[in-house]
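This report refers to the structure that appears directly beneath it.
For the numbers below, each heavy atom of this structure counts, side chains included, while hydrogens, waters and symmetry mates do not. Computed from a predicted structure; not experimentally measured.
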Amino acid sequence: MRTPFVGGNWKMNTDRASGVALARAVAEAAAACTGVEVAVFPPFPYLGAIADALHGSRITLGAQDLYYETSGAFTGEVSAAMLLDCGASAVLTGHSERRHVIGESDDLVNRKTRAALDADLTCVLCIGETLDQRERGETHAVNERQLRAALAGVRPERTQRLVIAYEPVWAIGTGRNATPADAQDAHARVRAVLASIFSSDVAASVRIIYGGSLKPDNAEALLARPDVDGGLVGGASLSATDFCTIVRAAEARVARPIA
Ligand code: PGA
């Protein structure tokens, strides 16, 4: 069984007070959704305060980024151990805003992904094609290249804490989302690539979640697809009500047998 995973990527939003209030509201609203792993990814400076706010709840605390070195002269960077020390147990890698706005390379995403998994953090590795790439028919090739690059050198036993987020870049923050059929097709191919990199057992157990303008009104259709194991939510995660509607849509498909 794959337990659905729904993450709220707050990006560079909230302040300390509104972040704490949002975390508390999510914890309360999602308390009954025991069949879904729910995570929030606040900005770095608020991790400690939000860890306190989530104490005793079933919400996973995650960070939006990490650096792959363990310590030393890396001004501005944050290690896996620091995240764990702040109460985080999950992290995003390869988010398209880090790839395309900040300029992270496949090699850097690979180092970060390996550092996260080696530290036993749940690693939500994001992949996805740009609009140009989609229009050239390169969606699956881009996903496969990003996956193979990011997962190079990852040992199969480390995949227990791996989650893949398929996030078409043209759908992020734009109000345009992949159709449920397109998402299913992309996810099924991602699963086939995981089988080829690792094994069919690993491929069957890794959760592959969708991100890109996931909202209360499109979540049910997207999350009903057999290879769509949850979502990574940006804009809609800033409202506890909207976010938890998406969590409930993920819960509606709990206990689905492995495809
Ligand atoms: P969005 O962001 O839901 O606002 O499109 C998704 C993401 O970037 O993870």
message = Parallel, tilted or perpendicular, judged at 30° and 60°: which one describes the rings of H187 and Y166?
response = perpendicular

request  = Please name the residue in the list L108, I127, T130 that meets the side-chain contact (heavy atoms from CB on, under 4.5 Å) test with R99.
outcome  = I127

key: Electrostatic pair E37-R207, nearest N-O below 4.0 angstrom   = yes

inquiry  = Salt bridge check, R161 against D118: does any charged N sit closer than 4.0 Å to a carboxylate O?
reply    = no

Does [X] [atom1] have over 12 foreign heavy atoms under 6.0 Å away?
X: E28; atom1: CD; value: no
X: Q160; atom1: CD; value: no
X: E138; atom1: CD; value: yes

Over all heavy atoms of both residues, which pair between [X] and [Y] is shortest? Give the atoms and the distance, please.
X: A165; Y: V124; value: CB-CG1, 3.9 Å
X: I246; Y: L223; value: O-CD1, 3.8 Å
X: A203; Y: A195; value: CB-N, 3.5 Å

message = Hydrogens and angles aside, do R148 and S196 bring a side-chain donor and acceptor to less than 3.5 Å of each other?
response = yes

ask   = For T113 and T93, does a side-chain donor sit closer than 3.5 Å to a side-chain acceptor?
value = yes

Using 0.5 Å steps for rounding, measure from the [atom1] atom of [X] to the [atom2] atom of [Y].
X: H95; Y: F41; atom1: NE2; atom2: CZ; result: 10.5 Å
X: L162; Y: L151; atom1: CG; atom2: CG; result: 6.0 Å
X: R155; Y: F198; atom1: CZ; atom2: CZ; result: 11.0 Å
X: E129; Y: H140; atom1: CD; atom2: NE2; result: 8.5 Å
X: F74; Y: Y68; atom1: CZ; atom2: OH; result: 6.5 Å
X: K11; Y: I172; atom1: NZ; atom2: CD1; result: 5.5 Å

Is a side-chain donor or acceptor of [X] paired with a backbone partner of [Y] at a separation under 3.5 angstrom?
X: S205; Y: D201; value: yes
X: D106; Y: Q146; value: no
X: D242; Y: S239; value: no
X: S213; Y: G175; value: yes
X: R225; Y: Q184; value: no
X: N177; Y: G212; value: no
X: R58; Y: V36; value: yes

key: Stepwise side chain to side chain contact (heavy atoms under 4.5 Å, CB included) test for D227 and Y210   = CA-CA 10 Å; D227 284 296; Y210 171 80; over 6 Å; no

query = Quick one: does I209's side chain get under 4.5 Å of V163's, heavy atoms only?
reply = yes

ask   = Side-chain contact, heavy-atom cut-off 4.5 Å: Q64 with V91?
value = no

request  = Using the test side chain to side chain donor-acceptor pair (under 3.5 Å), find all partners of D120 that sit at least two apart in sequence or belong to another chain.
outcome  = none

